[in-house]
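First comes the structure, then the notes that go with it.
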Amino acid sequence: MRDRRRCIAMRLRRVHRLAATCAASGLLFGTAACGSGSGSARAGDPNTLEVWTRSDPESAQTYDRVFAAFTKKTGIKIDYQPVMNFDQQLQSRASVKDLPDVMINDTALMGSYQAQGLLKPITPASISGHDEITAKSWSSTAGLDGRHYGIPYSRQAMTLFVRKDWREKLGLPQPKTWQDTLALAKAFATRDPDGDGKKDTYGMVVPGSAQNGYVAWWGASYLWQGGVRILRKEGSGYRPAMDSAAALRTVTWMKKNLFCGDNGVIQPSALTSVTANTTNFQDGNAGMYLTGPYNISTFDKALGKDKYEVLPAPSGPAGNNDVLADGENIYFGAKTGKAKQEQTLAAFLVSPEGQELAMTGDHQPVVRIPVNSTLDAAKVRDDPRWSVVQTAYETASVQFPNAPDFAPIKQDTADALNAIFTYCGSDVRSGLKELNDTLAGDLKDQELLK
């Protein structure tokens with residue numbers, strides 16, 4: 001009965017999201033042809049671009065430096081607005097057909113923005129320096145129609161952060177496989193690695209909440225390493241793939257060994273944790289964290305560089321150590337005017353100068369792995385740990401599909417995984433079958449189900 005209620009709730013959420021998307025699309029119908037229609041002072045100034053980024057105050061200070069350098073170089077002014085609740089405010093502006101000129105946000109959102117008519121198509125050749133961006137990065141900006149709707153700006157891949165001092169104290173090797181990782185996590189949880197005589201440490205940190213799709217984001221690397229894909233491309237569309245034998249094997253392993261054991265492998269709050277409150281690693285009571293490289297500067301300040309190491313993810317049963325790759329694109333709001341200024345800004349942001357500014361400084365970097373292929377992250381930062389991240393992105397990473405609207409797919413996957421991991425007595429096979437049916441509905445809503 002509990003599983004049936006969960007299935008019904010997931011379907012209702014999908015229906016509500018579809019209605020909201022259709023409403024937003026209706027508000028935006030004709031935006032690209034009609035312009036913003038705002039009549040604002042900013043819109044009337046051809047030498048000022050309104051730029052939004054999804055940023056907290058720390059990363060916003062890095063953007064301030066970047067935009068100040070751009071204005072000094074070109075004379076084009078930037079009305080910069082760091083926005084945390086980005087999508088909510090974007091929908092509000094879309095409803096009055098007054099989109100920002102330029103937006104910098106996640107690659108996985110491109111399909112959603114395109115479907116709603118929020119984005120202006122882009123010709124890569126119109127961006128100076130476009131040929132210094134790799135084909136792999138450009139591929140993540142192509143829509144279902146083959147046109148590009150974004151410009152690569154920053155990329156990243158997950159790596160494994162490990163308390164080196166704890167590992168060496170316990171005399172254990174760097175983990176190379178899932179079993180190594182599990183053994184190390186159990187040792188961190190049970191063998192008092194911090195030496196305080198208390199059982200107050202955890203093996204690893206997990207942002208396992210369903211909120212905003214976090215558990216799907218974190219868990220994707222395990223899925224890839226288990227030989228799983230959430231969706232599989234089929235002709236001009238997709239099919240869900242979460243009822244496969246590989247998915248059953250992988251999710252069962254995760255549930256049994258990470259979430260439903262009694263060995264303290266993960267922090268007790270894992271299933272309600274998002275990245276903002278998953279601070280056990282930097283607080284010094286957890287030994288591992290599979291996460292993005294943006295945390296390096298934070299962990300250096302909280303722990304010290306000598307206390308932890310950045311490692312490639314261990315290999316899973318599929319024989320690979322693929323991890324989730326994601327990043328940010330530059331998007332142009334779907335309206336007329338200012339094309340030249342927008343292209344000038346994008347060219348600066350992807351240039352060696354712009355990328356280096358965004359990778360360095362006293363605040364959190366907003367470019368992690370540079371999209372400009374002439375740059376090496378480790379050399380720019382004089383920090384060999386970044387070569388681990390760059391190598392992971394270039395040789396062992398898989399991105400979420402960007403062309404469909406992946407937001408509901410990620411959310412439904414997170415809802416299902418969170419429920420499977422929460423109810424330790426539940427049947428994994430039936431939970432994944434329900435998820436697969438829900439994902440098929442998501443794809444059908446987008447007319448992409450094959």
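Although no hydrogens or angles enter the test, the distance criterion places no donor-acceptor pair under 3.5 Å between the side chain of K120 and the main chain of F332. A donor-acceptor pair is defined here as one N or O able to donate and one able to accept, closer than 3.5 Å; such a pair exists between the side chain of T62 and the backbone of Q364. A donor-acceptor distance shorter than 3.5 angstrom exists from the side chain of W138 to the backbone of H130, with no hydrogens or angles considered. Side chain of D56 to main chain of M84: no donor-acceptor pair is present (N/O by atom type, distance under 3.5 Å, no hydrogens or angles). Using modelled atom types, no side-chain atom of D300 and backbone atom of S297 make a donor-acceptor pair closer than 3.5 Å.
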Inset, instruction - Go through T141 and H148 one step at a time and tell me if the side chain to side chain donor-acceptor pair (under 3.5 Å) criterion holds. - result: CA-CA 5 Å; T141 68; H148 293 271; 2.8 Å; yes

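For the pair L311/P175, a side-chain contact is recorded, criterion being any heavy-atom separation below 4.5 Å from C-beta on. The shortest side-chain heavy-atom distance between N285 and N280 falls under the 4.5 Å cut-off. Between L443 and P240 the shortest side-chain heavy-atom distance falls below 4.5 Å. Side-chain contact between Y214 and S273 is absent, with no heavy-atom pair separated by less than 4.5 Å.
Within the 6.0 Å centre-distance limit, the rings of F299 and F161 are counted as a close aromatic pair.
Pairs of residues two or more places apart, or lying in two chains, that qualify as side-chain hydrogen bond (donor to acceptor under 3.5 Å, both in side chains) and include a residue from residues 226-238 are S236-K450.
Taking both residues in full, the closest heavy atoms of R155 and E328 are given as NH1-O, 2.8 Å, listed atom of the first, atom of the second, then distance. Nearest heavy atoms, F281 versus V205: N-CG2, 3.6 Å. Between F406 and L231, the shortest heavy-atom distance links the atoms CE1-CD1, 4.0 Å. What you find for V380 and T360 is that their closest heavy atoms are CG1-CG2, 3.8 Å. The nearest pair of heavy atoms linking K301 to E58 is NZ-OE2, 3.9 Å. When all heavy atoms are compared, the tightest approach of V206 to W218 is CG2-CZ2, 3.5 Å.
Under the side chain to side chain donor-acceptor pair (under 3.5 Å) criterion, Q89 pairs with N85, sequence neighbours left out.
Note on ring orientation: taking the six-membered ring where Trp is involved, the planes of F188 and W166 are perpendicular (angle over 60°, cut-offs 30° and 60°).
In the displayed structure, R65 atom CZ is contacted under 6.0 Å by more than 12 heavy atoms of other residues, nucleotides or ligands. Heavy atoms of other residues, nucleotides or ligands lying less than 6.0 angstrom from CG of D382 number 12 at most. Heavy-atom neighbours of K164 NZ from other residues, nucleotides or ligands within 6.0 Å: at or below the threshold of 12.
Salt bridge D437/K433: present, at least one basic N to carboxylate O contact under 4.0 Å. Under a 4.0 Å N-O distance rule, the pair R429/D427 does not qualify as a salt bridge.
A donor-acceptor pair shorter than 3.5 Å cannot be found between the side chains of T275 and Y289. With no hydrogens or angles considered, a side-chain donor-acceptor pair links Q411 and D415 at under 3.5 Å.
Remark: of the listed residues W253, Y222, Y423, F421, F421 is the sole one forming a ring-ring contact (aromatic ring centres under 6.0 Å, His included) with F259.
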